[in-house]
Amino acid sequence: MLTSRDLARSAPPDLLPGLLEAQAAGVGVAAASAGHQPGLPIGYGTAHAKVILFGEHSVVYGNSAVAVPMFNLQMQARAWRIDAPPRFESAYYSGELRHAPDFMAAPRAAIEAVVEQVGGSLDGLAVSLHGSIPIGRGLGSSAAAAGAIVDAVARLHGTELAENDRFALVQVAERVAHGKASGLDAYATTTPHPIRFREGLATVLTNCLNATLIVADTGVYGSTRQAVELVRTLRGRFRRRIDRVIEELGALAELAVSDLAGDRVQELGARMNRAQELLAQLKVSHPAIDRLVGAALKAGAFGAKLTGAGLGGCIVALAHADSVDAVTQALREAGAAQIWTLSDHGATA
Ligand code: PMV
């Protein structure tokens with residue numbers, strides 16, 4: 001029998017574990033805007049985390065996905081000029097850009113791409129990146145980092161990027177970080193509204209949902225690159241069966257659009273549960289995810305599922321305001337490493 005471990009082994013190397021090791025070692029905490037001379041401009045950029053409600057993985061194959069912003073967690077970048085070779089400052093690496101380790105390849109790609117886009121120069125450019133979005137938890141940390149960086153560097157050059165240019169630049173970094181990326185994260189980490197995303201197009205959704213989303217972290221690192229590769233390999237071996245699963249995940253996302261607009265929380269919860277079953281069939285769930293999902297449902301959530309690529313990372317549960325405390329408590333007891341409540345999930349109505 002084919003296990004997810006067998007499939008994961010065939011995946012290309014992941015850049016992020018190096019980043020996690022650096023995080024664990026606590027190396028090189030950067031001084032913000034080091035070397036900046038007073039009076040000279042600083043470009044700023046920010047982006048937030050996102051929660052995929054429906055359509056992770058199936059979106060890679062051209063189906064719809066629904067994502068909501070998560071303002072609790074952010075990435076912030078600054079760009080400024082220094083009298084020294086190009087530098088990058090972050091909690092994980094601080095030093096000359098050209099010596100940045102492999103795990104910094106995606107931010108570096110974002111910097112190089114935006115400099116080219118705005119017709120600027122890398123000479124004497126310093127960029128810093130800080131933020132609270134945990135890495136490898138399905139919350140869009142890499143897209144948010146790239147988005148914050150490209151905005152900061154473009155603004156230093158007096159340019160406000162057009163939406164499609166910004167999207168293309170973030171996608172350059174996403175391809176370095178994850179391989180094939182649908183582009184969902186590139187939009188969802190910028191837009192302050194819930195969105196429906198399909199084949200490169202994002203539309204703002206009406207959200208009348210009178211319920212709370214609770215995001216809980218398994219504490220387990222989940223590699224997006226490996227998860228996407230795993231689904232691709234599975235699909236290569238069991239094409240018809242996996243295509244049916246992928247299509248149903250897309251159909252659930254489409255139905256969820258009207259649930260959100262119509263405040264149909266029970267239906268939305270049931271669809272989340274079905275999506276979780278299907279994602280487990282794609283082998284991207286994990287025992288820690290199953291444990292948290294089970295705990296949330298037992299404590300009265302309408303529905304719960306993994307969010308993002310899976311293989312670890314976070315779950316998202318939907319609960320009535322009255323059961324938020326019970327669900328949160330149950331998630332804590334089931335071992336959640338961190339829990340966030342999204343009271344404002346980009347409501348547009
Ligand atoms: O795990 P995240 O936050 O990178 O989300 C990945 C979403 C996928 O659908 C699995 C991949 C993609 O490119 O859309």
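On a predicted model such as this, the values are computed, not experimentally measured, just so you know. Throughout, numbering of the chain's residues begins at 1 and tracks the sequence.
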> Any side-chain donor-acceptor pair under 3.5 Å between Gln281 and Glu277?
no

> Will you find, in the side chains of Gln276 and Ser285, an N or O donor that is under 3.5 Å from an N or O acceptor?
yes

> For the residue pair Thr218 / His286, report whether a side-chain donor-acceptor contact shorter than 3.5 Å exists.
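No, Thr218 and His286 have no side-chain donor paired with an acceptor closer than 3.5 Å.
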
> Do Val231 and Val228 belong to the same hydrophobic cluster, where Ile, Leu, Val, Met, Phe, Trp and Tyr are linked whenever their side-chain heavy atoms lie under 4.5 Å apart, directly or via other members?
no

> Would you check if there is a donor-acceptor pair between the side chains of Ser142 and Glu174 at a distance under 3.5 Å?
yes

> Tell me whether Arg166 contacts the main-chain N or O of Gly147 through its side chain, where contact means a donor paired with an acceptor under 3.5 Å.
yes

> Let me see the working for Phe54 and Met272 under side-chain contact (heavy atoms from CB on, under 4.5 Å), right down to the final yes or no.
CA-CA 7 Å; Phe54 290 95; Met272 289 169 78; 3.5 Å; yes

> Test your reading of the model: is there a side-chain donor-acceptor pair from His57 to the backbone of Ala309, 3.5 Å cut-off?
yes

> What distance separates Leu252 CG from Glu254 CD, expressed to the nearest 0.5 Å?
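Answer for the CG-CD pair, Leu252 versus Glu254, is 10.5 Å.
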
> Less than 4.5 Å apart, any side-chain heavy atom of Ser58 and any of Glu247?
no

> Measure from the side-chain N and O atoms of Gln171 to the backbone N and O of Ala181, and report whether any donor-acceptor pair falls under 3.5 Å.
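Between the backbone of Ala181 and the side chain of Gln171 there is a qualifying donor-acceptor contact (under 3.5 Å).
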
> Mind checking the CZ-CD1 spacing from Arg232 to Ile242? Nearest 0.5 Å is all I need.
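Taking CZ in Arg232 and CD1 in Ile242, the distance rounds to 13.0 Å.
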
> Would you say Leu230 ends up clustered with Val220 if hydrophobic residues are merged whenever their side chains have heavy atoms under 4.5 Å apart, either directly or through other cluster members?
no

> Kindly indicate whether the side chain of Val51, heavy atoms from C-beta on, has any atom under 4.5 Å from the side chain of Leu342.
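Val51 reaches Leu342 side chain to side chain.
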
> Before giving the answer on side-chain contact (heavy atoms from CB on, under 4.5 Å), spell out for Arg87 and Val127 the whole-Å C-alpha distance, their side-chain angles and the decisive distance to 0.1 Å.
CA-CA 6 Å; Arg87 278 185 74 77; Val127 176; over 6 Å; no

> Write down the atom of Ala321, the atom of Thr212, and the distance for their closest heavy-atom approach.
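Taking every non-hydrogen atom into account, CA-OG1, 4.3 Å.
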
> Measuring from atom CZ of Arg108 to atom CG of Leu122, what distance do you get when rounded to the nearest 0.5 angstrom?
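Answer for the CZ-CG pair, Arg108 versus Leu122, is 9.0 Å.
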
> Would you say Val265 and Asp263 make side-chain contact, with heavy atoms under 4.5 Å?
yes

> Assess whether side-chain contact (heavy atoms from CB on, under 4.5 Å) is satisfied between Arg155 and Glu160, documenting all intermediate values.
CA-CA 6 Å; Arg155 286 173 184 154; Glu160 202 57 43; 2.7 Å; yes

> Examine distances only and state if a side-chain atom of Thr191 and a backbone atom of His193 form a donor-acceptor pair shorter than 3.5 Å.
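Not a single qualifying donor-acceptor pair exists.
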
> Rounded to the nearest 0.5 Å, what separates atom CG in Leu125 from atom CD1 in Ile111?
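Those atoms lie 6.5 Å apart.
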
> With no hydrogens and no angle check, is any side-chain donor or acceptor of Asn273 less than 3.5 Å from a backbone partner on Ala304?
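Yes, because the side chain of Asn273 sits within donor-acceptor range (under 3.5 Å) of the backbone of Ala304.
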
> Taking only Lys NZ, Arg NE, NH1 and NH2, and the carboxylate oxygens of Asp or Glu, determine whether Lys180 and Glu229 approach each other closer than 4.0 Å.
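Not counted as a salt bridge, because no side-chain N and carboxylate O are separated by less than 4.0 Å.
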
> Quick check on Asp325: does its CG atom have over 12 non-hydrogen neighbours (other residues, nucleotides or ligands) under 6.0 Å away?
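Counting other residues, nucleotides and ligands, CG of Asp325 stays at 12 neighbours or fewer.
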
> How close do Leu161 and Ala154 get, heavy atom to heavy atom, and via which atoms?
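Minimum heavy-atom contact is CG-CB, 3.6 Å.
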
> Are Val172 and Phe88 connected in the hydrophobic side-chain network, where two residues link if heavy atoms are under 4.5 Å apart?
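Result: no, two separate clusters.
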
> Could you tell me whether the side chain of Leu139 reaches within less than 4.5 Å of the side chain of Leu73, counting heavy atoms only?
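The answer is yes, as the side chains (C-beta and beyond) meet within the 4.5 Å cut-off.
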
> Applying the side chain to side chain contact (heavy atoms under 4.5 Å, CB included) criterion to Met75, which one of Thr46, Ile149, Ile133 satisfies it?
Ile133

> How long is the straight-line distance from OH of Tyr44 back to CG of Asp151, given to the nearest 0.5 Å?
14.0 Å

> Which heavy atom of Ile289 sits nearest to which heavy atom of Leu311, and what is that distance?
CD1-N, 4.1 Å

> How far apart are the closest heavy atoms of Gly140 and Thr189, and which atoms are they?
O-CG2, 3.7 Å

> Quick one: are the ring centres of Tyr187 and Phe167 less than 6.0 Å apart?
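Close enough - the centres of the two rings lie under 6.0 Å apart.
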
> Please name the pair of heavy atoms, one in Phe71 and one in Pro192, separated by the smallest distance, quoted to 0.1 Å.
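Closest pair (atom of Phe71, atom of Pro192, distance): CZ-O, 3.6 Å.
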
> So, does His157 use its side chain to make a donor-acceptor pair with the main chain of Val153 at under 3.5 Å?
yes

> Ignoring hydrogens and geometry, is there a side-chain-to-backbone donor-acceptor pair from Ser323 to Ala326 under 3.5 Å?
no

> Surrounding CG of Asp83 (heavy atoms of other residues, nucleotides or ligands, distance under 6.0 Å), is the total greater than 12?
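Result for CG/Asp83: open.
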
> Would you say the side-chain atoms of Thr190 pair up with the backbone N or O of Ala186, donor to acceptor, closer than 3.5 Å?
yes

> With side chains defined as the heavy atoms from C-beta onward, is the minimum distance between Ser64 and Glu199 less than 4.5 Å?
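A side-chain contact is absent here, since even the closest heavy-atom pair is not under 4.5 Å.
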
> Evaluate the side-chain proximity of Asp217 to Ile339: yes if any heavy-atom separation is below 4.5 Å, no if none is.
no

> If you compare all heavy atoms of Met104 against all heavy atoms of Ser90, which two are closest, and at what distance to 0.1 Å?
CE-OG, 3.6 Å

> Answer yes or no: does atom CD of Glu96 have more than 12 heavy-atom neighbours from other residues, nucleotides or ligands under 6.0 Å?
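For Glu96, atom CD is crowded (more than 12 foreign heavy atoms under 6.0 Å).
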
> Are the side chain of Lys50 and the backbone of Gly138 linked by a donor-acceptor contact shorter than 3.5 Å?
yes

> Treat each ILVMFWY residue as a node, draw an edge where side-chain heavy atoms are under 4.5 Å apart, and state whether Val316 and Val257 are in one component.
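Yes, it is one cluster - the side chains of Val316 and Val257 are joined through contacts under 4.5 Å.
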
> Using a 4.5 Å cut-off on heavy atoms from C-beta on, say whether the side chain of Leu318 contacts that of Leu209.
yes

> With side-chain contact (heavy atoms from CB on, under 4.5 Å) as the criterion, how do Arg198 and Thr203 come out once you've worked through the C-alpha distance, each side chain's angles and the decisive distance to 0.1 Å?
CA-CA 9 Å; Arg198 186 173 188 169; Thr203 44; over 6 Å; no

> Once rounded to the nearest 0.5 Å, what's the spacing between atom CG of Leu53 and atom NZ of Lys305?
6.5 Å

> Is the backbone N or O of Ala330 less than 3.5 Å from a side-chain atom of Arg332, with the two atoms forming a donor-acceptor pair by type?
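Side chain of Arg332 to backbone of Ala330: no pair is present.
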
> Tell me whether the guanidinium CZ or amine NZ of Lys283 lies under 6.0 angstrom from the six-membered ring centre of Phe238 and within 45° of its axis.
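The answer is no, since Lys283 fails at least one limit relative to Phe238.
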
> With the 4.5 Å side-chain cut-off for hydrophobic clustering, are Val245 and Leu255 part of the same group?
no

> Would you call Val66 and Ile52 a side-chain contact if the rule is heavy atoms closer than 4.5 Å?
no

